[in-house]
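Step one of this worksheet: look at the structure below.
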Amino acid sequence: MPTELAKTFDPASTQEQALRLWDEHNAFHAEPTDPGKPYSIVIPPPNVTAALHLGHAFNNTLQDILVRYHRMLGDNACWLPGTDHAGIATQTVVEKRVLAEEGKRRTDFKREEFVAKIQAWKDQYEARITAQLKAMGCSCDWQRQAFTMDAPRAKAVREAFFRLFKDGLIYRGKRLVNWDPVTQTALADDEVEMEEVDGHFYYLRYPLTDGSGHVTVATTRSETMLGDTAVAINPKDPRAAALRGKRVILPIVNREIPIVEDEYVVMPAQYGGDPDDPKAQLATGFLKVTPAHDPNDYEIGRRHNLPVINILAPDATISDKHGWTDIGEAHFVLGQPSEHARKLVVDWFKRNGLLEEIKPYRHSVGHSYRSHVAIEPYLSDQWYCQVTEPRMAGAALRAIADDQFEGRKIPGKADTWDGGMRFFPSRYARTFQSWHENIRDWCISRQLWWGHRIPVWRLPEGRLGERLPLAQFEAIVEKLAQWQADGRIALTQRAERDQARSVDIADRSLPYTFACVHDPNDREVIDELERHGAAQDPDVLDTWFSSGLWPLSTLGWPEETPELRTWNPSSVLCTSREIITLWVSRMTMFNIHFRNTLPFRDVFIHAMIQDGHGQKMSKSLGNGVDPMDIIASHGADAMRFTLAHMATNTQDVRMPVDLVDPWTGETFAPKYVTDSAGYMVAAPIQESPKDPSKKMVSSYGLASGKIKPTADMPLAKNTSSKFDLGRNFCNKLWNAARFVLSNIESAPAEAPDESKWSLADRWIISRFNRTVAETDDVLKNYRFDQVARAAYDFFWRDFCDWYVEAVKPAMRDPSRAGQTANVLAAVLDGALRLLHPIIPFITEIIYHRLNEIRPTRGLPNRLECPHSGISTQHSGLLIKAPWPNVGSFAEAAEHIFPNVQEVIGVIRNVRNELKVPPKQKVDVYIAAPPEPTRQLTENREMIEVLATVNLKDVHPDLTAPAGAVRAAAAGVEVFVHPGQPAVGDTNLAEKRCAELKKLADTLRGRLSNDAYTKKAPPHLVQQTRDQLAQAEAEIDKLGCG
RNA sequence: GGGCGAUUAGCUCAGUUGGCUAGAGUGCCAGCAUGACACGCUGGAGGUCACAGGUUCGAGCCCUGUAUCGCCCACCA
């Protein structure tokens, strides 16, 4: 550790030193037995798919500010870090990588081999993510680092699944799922993104079997007609009666299908439909019903008991191998991808004179959030968690704090849950609420290899009892019954829809039975099951199942550990709004169901960082910024400060992205192009602004995968000039600290004597106290921008611009330097504490140096500031130092100091107008009423130094000196004598006169309005009168014509 | 289709229950290498608060409507 602060601020070495100090003291670690009020945050575990981006940096900076703040407050603060295995996302990334590098597909490997590859990827990125978080200064308790698939978390998942299974909240159902044909897995509803697509409306004719004509159906997906099992018409449609009981012949496959009547069908306008309904304008009144490939049709099929015919293979090609037998003439589409089949089918209709019309149509189609291909509604067997149950969604609704609940709340026991969960900003409570009011059961199985294997063994299809000798079968049944009674297994049967069916063990045939095994090491049970042909379900659980347990599993659940008792519920969840439904919901339901506690008391939803065009930052657009690049170019503290400063109350914040020219190191705005999806993206190849012959690759070029940077054409890193704000601030802090420290060091040590404090001393201490109070206040509502602003204004504007400048003469005067140094040391100490949660590295290192120079500091607790707010308690480390108490305020000083500031401002203004050289002192005379005269005289030195003047005279009856320029401020008259022939505008008083007259007119207008004087609050009216009087007095004094 | 948010200085944003002549940072202009800092200091210019109505003594803020942008939710042929 260097004993002096380096001449220029070097973020890298500062970061390194601070990290070492914290590490040596194990400063981030907490134990449940530690003193203090419990305060805990569980990190939203980043996916191990990729390195962290700026959004993560934002999210984690805010959490770290909270944790550091509460640690300083004396709370027992613990931040639990970890990562998420992110099933589908990670597997997809690795599959792509393996295909690109080895030319092999997942299916070319054994399951264990491929999982090992993903595991290797996970290890690599988990390490990288951890390194990034550490570099950002995140004070996570690294001894408690978790991963959603490590052993303790696997145990929690297993326990949770078993309990839900036993409680009848998990069931097997054949349902239409969102099928991703590329990754070949089911997706949850919220993993599907709607995208606008240009398509067509095809009008297809289906002949009636009796030869009396045809009906025309309209569809955007003509290929699904192969699986049609009915045509529906609205019973109110006037044509319905004539068609009742008739059937149509389905072209191509020659399947006879009924015409059914269902109110769901939209009628065209001419048959009674709503003419304003855009759908009515496209509709023919006849709806083809394809239960296997459309969610609505599936419902119609249920209502009319229609067969369900699946025509697709899992890869979304047309196939007769998955439940479709009557293929008729459809050989020509077999094996075709559905999109191509769509055209082939239309061509067939055209050739056979059955195509009536094609209309262009733009509509939204579900796409996989992972592979971005169109989702196929696909019929398959999946596991569901019955979140529609009152025990789940109902509990989540009851968890909402009463005053954030819209409408009448179902009576519940929110009062046992600390008054409920609060959202910040409160509007997000409604997102949460309406999600649970409209929730549907959650499909929790995924056809992946990377994830928690579903701990269910399927007994062989059919009735086990029919396959075994009776005695043997009876023995199994006895065993199963005993194991179930002992809690070693739970049994269920497949339910067609919507509910779990418990197994009646007395029904000795055991049809379609599933056994969930409680303990993964219970070989006796597993071996016995497998001996009879039972096999473990090959699927894994949805990632969000393990994430949903995160607040519990990170603290050792299902064991009721001291950690769990201390830190659950956690204090706050910090996250972005996109996962309120995906994640917050599930944590709430699980935490309540398993432990009857909230997962967290507060939910803070922060803004989303977009690029300069209002687009989400994403890898594929290449507009994402790597926090490590910012740390390298600006420093970690600078990044944190800027991010905190951006954390406003709104939904989105914009971060215009610049590029760093690798040739010159300079920053420039990239050239943009519009990509095929309409996004503004940086042109793949950029020119150096200095030398257009030098080219570079933008990160969009890199992300598009086509362009690889080379030595001749290097990569231009993303950055943003927004971080200059933080960098400048840190630089200012560093230099101000250097100055203050060197002054303190050379000042004589004296016992603090408050009677010797100047106006500036009292003022800066009072301002400090205000800033602490404001920070405390504003942090309760998670307004990090206001915290950053308050700290910035206090430190730069008040402390550096005014206090340090005002105090310079005193520091040069040995008789006063000792006392001033006391105040300087105390205020610097306080400022470091105040700033530490936002910019921990730089403050820790400066604090270290301050401790060396002034091991004891603090202010006497009496007179005008009986409580300075600046603690005398010290600690070796700032991270462990107490947060300042709010001291009292020096009202008088806060009132007088601005007057002096204003006088100084006016003099500076006049000097500038008169073009007086900066170093040249000028003579100043001030005419003021007795009280201001006293104040100004007392602060003569400050005025002289800060305005570079000789304050010749201050007097109530001062007469204007010849040749002086007259100006006015704070109710006083200022005469500036340039001492040489003045250059520029010498008639400043006239300018001021114009301003004053305009103001006086406004005020007079307001007062002449009777309604105003009668209705406005009296203090405002009085204030207006006072202002007018003051303006008029000044006008009078200046002799404004 | 429903809901939410945004629209304030060239740019990025503050503006807390309506009440000074609407603020900051950055950029711009002018001056300054002043013994902490040029990542700095001093001063300055720059805004019909998206638009149209309304409520009020008083509207950037509240109400109604319009426009543009963004996000979330929704099984819309």
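A note on names: the letters A, B, ... follow the listed sequences, proteins ahead of strands, and every chain is numbered from 1.
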Looking at every strand, decide which applies to A:Val265 at a 4.0 Å heavy-atom threshold: base, sugar-phosphate, or nothing. base
Choosing from B:A77, B:C4, B:A36, which nucleotide comes nearest the side chain of A:Arg430? B:C4
Residue-phosphate contact under 4.0 Å: A:Lys915 side-chain N/O, B:G43 OP1/OP2: no
Look at all strands and tell whether A:Arg911 reaches a base, only sugar-phosphate, or nothing, counting heavy atoms closer than 4.0 Å. nothing
Determine: side-chain N/O of A:Asn743 to OP1/OP2 of B:A36, distance under 4.0 Å, yes or no. no
Using atom C1' in both nucleotides, what's the gap between B:U48 and B:U7 to the nearest angstrom? 15 Å
For A:Phe423 and B:G5, give me the distance from atom CZ to atom C1', rounded to whole Å. 17 Å
Spacing of A:Gln433 atom CD relative to B:C72 atom C1', expressed in whole Å: 16 Å
Which whole number of Å gives the distance between the P atom of B:G1 and that of B:G46? 45 Å
According to side chain to side chain donor-acceptor pair (under 3.5 Å), who are the partners of A:Asp801, at least two apart in sequence or on a separate chain? A:Arg797
Counting only side-chain heavy atoms from C-beta out, which of B:C73, B:C4, B:G40 sits nearest to A:Arg427? B:C4
Describe, in one word, how the ring planes of A:Tyr202 and A:His200 are oriented to each other, choosing from parallel (under 30°), tilted (30 to 60°) and perpendicular (over 60°). tilted
For B:G60 versus B:U16, give the span between their C1' atoms, rounded off to a whole number of Å. 14 Å
Check every strand shown and say whether A:Pro377 touches a base, only sugar-phosphate, or nothing at a heavy-atom separation below 4.0 Å. nothing
Counting only side-chain nitrogens and oxygens, does A:Trp796 get under 4.0 Å of the OP1 or OP2 atom of B:C41? yes
Nearest-Å distance for atom pair CZ/P, residues A:Arg812 and B:G35: 10 Å
I'd like to check A:Val265 versus A:Ile233 (side-chain heavy atoms, cut-off strictly below 4.5 Å). Are they in contact? no
Nucleotide nearest A:Thr581 when distance is taken to its side chain, options B:A36, B:C73, B:A77: B:C73
List for me each residue that meets side chain to side chain donor-acceptor pair (under 3.5 Å) alongside A:Glu805, sequence neighbours excluded, and say none if there are none. A:Lys808
Check the phosphate of B:C73 against A:Arg440, side-chain N and O only, distance under 4.0 Å to OP1 or OP2. Yes or no? no
Between the side chains of A:Glu263 and A:Arg303, is the shortest nitrogen-to-carboxylate-oxygen separation below 4.0 Å, so that they form an ion pair? no
Taking atom OG1 of A:Thr216 and atom OH of A:Tyr203, what is their separation to the nearest 0.5 Å? 10.0 Å
Let's see if you can work this out: which of B:A36, B:G70, B:C73 has an atom nearest to the side-chain heavy atoms of A:Cys800? B:A36
Could you tell me the Watson-Crick or G-U partner of B:U48, where both distances fall under 3.5 Å? Say none if there is no partner. none
What does A:Arg654 touch in the nucleic acid at a heavy-atom separation under 4.0 angstrom: a base, only the sugar-phosphate, or nothing? sugar-phosphate
Is there side-chain contact between A:Asp777 and A:Gln786, with at least one heavy-atom pair below 4.5 Å? no
Of the options A:Tyr428, A:Tyr782, A:Phe432, which is the one that meets A:Phe423 in a ring pair (Phe, Tyr, Trp, His ring centres under 6.0 Å)? A:Phe432
Can you tell me the distance, in whole Å, between the CG atom of A:Leu725 and the P atom of B:G40? 10 Å
My understanding is that a pair needs two contacts under 3.5 Å, Watson-Crick or G-U wobble. By that rule, which nucleotide pairs with B:G25? B:C11
Does A:Lys732 make a side-chain N or O approach to OP1 or OP2 of B:C41 shorter than 4.0 Å? yes
Looking at B:A77, B:G35, B:A14, which one has an atom nearest to any side-chain atom of A:Tyr264? B:A77
What interatomic distance, in whole Å, is found between P of B:U17 and the corresponding atom of B:A59? 16 Å
Check the distance between B:C32's C1' and A:Gln920's CD and give it to me in whole angstrom. 14 Å
Rounded to whole angstroms, how far apart are OH on A:Tyr206 and P on B:A77? 16 Å
Among the candidates B:A14, B:C41, B:G19, find the nucleotide nearest to the side-chain atoms of A:Leu1020. B:G19
Which residue lies toward the 5' end of RNA chain B, A:Tyr792 or A:Thr648, if each is placed at its nearest nucleotide? A:Thr648
Touch check for A:Tyr428, heavy atoms < 4.0 angstrom, all strands: base, sugar-phosphate only, or nothing? nothing
Any side-chain donor near an acceptor of the partner, A:Asp658 and A:Ser720, under 3.5 Å: no
Distance check needed: B:A24 C1' versus A:Met646 CE, whole Å only. 15 Å
Once you measure the plane-to-plane angle for A:Tyr672 and A:His613, does it fall in the parallel (<30°), tilted (30-60°) or perpendicular (>60°) bin? perpendicular
Measuring only the P atom in each nucleotide, how far is B:G5 from B:A77? A whole number of Å is fine. 29 Å
Across all strands shown, which nucleotide pairs with B:G70 by Watson-Crick or G-U wobble geometry, both distances under 3.5 Å? B:C4
Under 4.0 Å between any heavy atoms, over every strand shown, what does A:Lys919 touch: base, sugar-phosphate, or nothing? Just pick one. sugar-phosphate
Length of the line joining A:Ile580:CD1 and B:G3:P, which is rounded to integer Å: 18 Å
What distance, rounded to whole Å, do you find between the two P atoms, one in B:C72 and one in B:C29? 41 Å
Residue pair A:Phe9/A:Gln610 against RNA chain B: nearer the 5' end by closest nucleotide is A:Phe9
Taking only the side-chain nitrogens and oxygens of A:Arg908, find out if one of them lies under 4.0 Å from OP1 or OP2 of B:G43. yes
OP1, OP2 of B:A14 versus side-chain N and O of A:Thr650: anything below 4.0 Å? yes
Sugar-phosphate only, base, or nothing, as touched by A:Arg789 at under 4.0 Å among non-hydrogen atoms: sugar-phosphate
Given B:G40, B:A36, B:C71, the nucleotide with the shortest approach to the side chain of A:Ala736: B:A36
Pairing partner of B:C32, by Watson-Crick or G-U wobble and under 3.5 Å for both distances, is B:G40
Should B:G53 form a Watson-Crick or G-U wobble pair with both distances under 3.5 Å, which nucleotide is its partner? B:C63
C1' atom, B:G65 versus B:G44: distance in rounded Å? 42 Å
Compare the minimum distances between each of B:A36, B:G43, B:A77 and the side chain of A:Asn909, then state the nucleotide with the smallest one. B:G43
Nearest of B:A6, B:A36, B:C72 to any side-chain atom of A:Thr431? B:C72
Can you tell me whether the side chain of A:Glu805 and the base of B:A36 have a donor-acceptor pair closer than 3.5 Å? yes
Contact class for A:Asp801 (heavy atom, under 4.0 Å): base, sugar-phosphate, or nothing? sugar-phosphate
From the list B:C73, B:G70, B:G25, which nucleotide is the closest neighbour of the side chain of A:Arg797? B:G25
Considering only the P atoms, how many Å lie between B:U8 and B:G70, rounded to the nearest integer? 16 Å
